[in-house]
Amino acid sequence: MFVMSEIEHTLRLPPHLLNRPLNAAIKGELESLFLDKVIDKLGLCVSMYDILSIDGGFIFPGDGASTYTARFRLVMFRPYVGEVISARLKESTKDGLRLSLGFFDDIYVPVPLMPNPYHTEPDPEHKNGTRWVWEYMGENYPIDWADEIRFRVHTVNYPPLPVEQGKDSEQKDSEEKDSRQKDLKPFAPMVITGSLDADGLGPTAWWV
Amino acid sequence: MKILQSNAGVLTNCEVLELLKSRGAGKDPTRVIAAVAPSEFKVYDYLEQTVAFKQTIEIIHKFVEDCKKYDLANGEMLNVVNIRPSSAVEIDPIIQDCDSRMGDRIDEFLENVVQVLPPYPSQLESNEDTAEDKEETTDDQQTGVK
């Protein structure tokens, strides 16, 4: 699940941090820059592993702060395709499931990757939700909320940043646009598509 | 920002947990004093709920040594360490072509996994039942109490 990536970055150390030891100040700056952010193709930055080197300390003309070039290693969350991961159920709708790891929520299991054969029923506990039930050998196995669910990573996508959507300015559609924007999910820079369609996948309660 | 090496090494869940613990994640109930960010605490919470909670680096080294004879890919060994499967059906999605590559040695491999890697505390009772039932059933029809 976790991979180390080595990064080199030139950063400006603001003057108000000058009284702190250099290592701690640089670490703090880098953490505020990278922690909990998604880097394209590298994954979600979870933590800083260590700082390999700090060079520089030059002060550019007109600037009050010194600039350092730091080389460091970050712990990235980047599962490989085919990895089996345990997660919890976050949402269950007619389009499939959404799973969560606590620190990462954009894991989707679309309908084609659900265990086959299945049937769905409206969820008694959550309105607008759907409960998924797997049929196997005459038995019904539902996917419940309390279970720990194992899925296999199918793909990991890094969708590009969306362009502003304000170009179509039909005023009479403004209500429709508002309701559409409320339904739009916040942009997810990293999306994992998971599969439940194999032996051993799905809620652990089915197999243990 | 320049990426020098996008893959400088793979980390098991245990190693990430050790890293967070060394920064003081486990010891601070208020979660304000330790040098750990809130997002890192979320990762710590997730890892605490997995079997990585009970593992140590020595255990992982021993497991890797023991598994050399099975000729597994690095990714497969990593996955087994992170998930700790305790039955053949759980191993199936993790190891590709499990039947043709492992065949009969699956039980031996599972024994190894279950003995070397410590279980998550709530799994302890159901795993004891597995050891007893294993001679009778090849599939997992166990009725362990959780």
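By convention in this document, chain letters (A, B, ...) are assigned in the order of the sequence lines, proteins followed by strands, and residues within each chain are numbered from 1. This structure is a prediction, so every number in the text was calculated from the model and none was measured.
Sparse packing is recorded around NZ of Lys94(A), with 12 or fewer heavy atoms of other residues, nucleotides or ligands lying under 6.0 Å away. Surrounding CG of Asn74(B) are at most 12 heavy atoms belonging to other residues, nucleotides or ligands under 6.0 Å away. Heavy-atom contacts from other residues, nucleotides or ligands closer than 6.0 Å to OH of Tyr158(A) number more than 12.
Atom OG of residue Ser86(A) and atom CZ of residue Arg84(B) lie 13.0 Å apart, to the nearest 0.5 angstrom. Atom NZ of Lys2(B) and atom OG1 of Thr69(A) lie 9.5 Å apart (nearest 0.5 Å). In this structure, CG in Leu4(B) is found 6.0 Å from CZ in Arg71(A), a value given to the nearest 0.5 Å.
Contact of Asn7(B) with chain A is made through backbone and side chain together, with heavy-atom distances under 4.5 Å. Looking at Leu33(A), there are no atoms closer than 4.5 Å to chain B (heavy atoms on both sides), in backbone or side chain. Proximity to chain A is limited to the side chain of Leu47(B), based on heavy atoms less than 4.5 angstrom apart. Neither the backbone nor the side chain of Ile91(B) comes within contact range of chain A; no heavy atoms are under 4.5 Å apart. Looking at Glu76(B), only its backbone comes within 4.5 Å of chain A, counting heavy atoms on both sides. For Leu42(A), the part lying under 4.5 angstrom from a heavy atom of chain B is the side chain only. Only the side chain of Phe34(A) has a heavy atom closer than 4.5 Å to any heavy atom of chain B. Contact of Ile3(B) with chain A is made through backbone and side chain together, with heavy-atom distances under 4.5 Å. Only the side chain of Lys27(A) has a heavy atom closer than 4.5 Å to any heavy atom of chain B.
Within residues 2-10 of chain A, the residues having any heavy atom under 4.5 Å from a heavy atom of chain B are, by residue number, Phe2(A), Val3(A), Met4(A), Ser5(A), Glu6(A), Ile7(A), Glu8(A), His9(A).
Met48(A) and Leu19(B) make their closest contact through O-CD2, 4.2 Å (heavy atoms, listed as atom of the first residue, atom of the second, distance). Shortest non-hydrogen contact noted between Arg23(B) and Ser47(A) is NH1-OG, 3.3 Å. Heavy-atom minimum distance, Asn79(B) versus Gly82(A): ND2-O, 4.1 Å.
The closest side-chain heavy-atom distance from Glu148(A) to Gln49(B) is not below 4.5 Å. Residues Val43(B) and Phe77(A) fail the side-chain proximity criterion, which asks for heavy atoms closer than 4.5 Å. No side-chain heavy atom of Val16(B) sits less than 4.5 Å from a side-chain heavy atom of Met1(A).
At least one donor-acceptor pair under 3.5 Å links the side chain of Tyr80(A) to the backbone N or O of Gly75(B).
Checked options Asp197(A), Leu196(A), Val84(A); the residue passing with Pro93(B) is Val84(A) (criterion: side chain to side chain contact (heavy atoms under 4.5 Å, CB included)).
Heavy-atom pairs under 4.5 Å with chain B peak, among Asp199(A), Leu201(A), Asp36(A), at Asp199(A).
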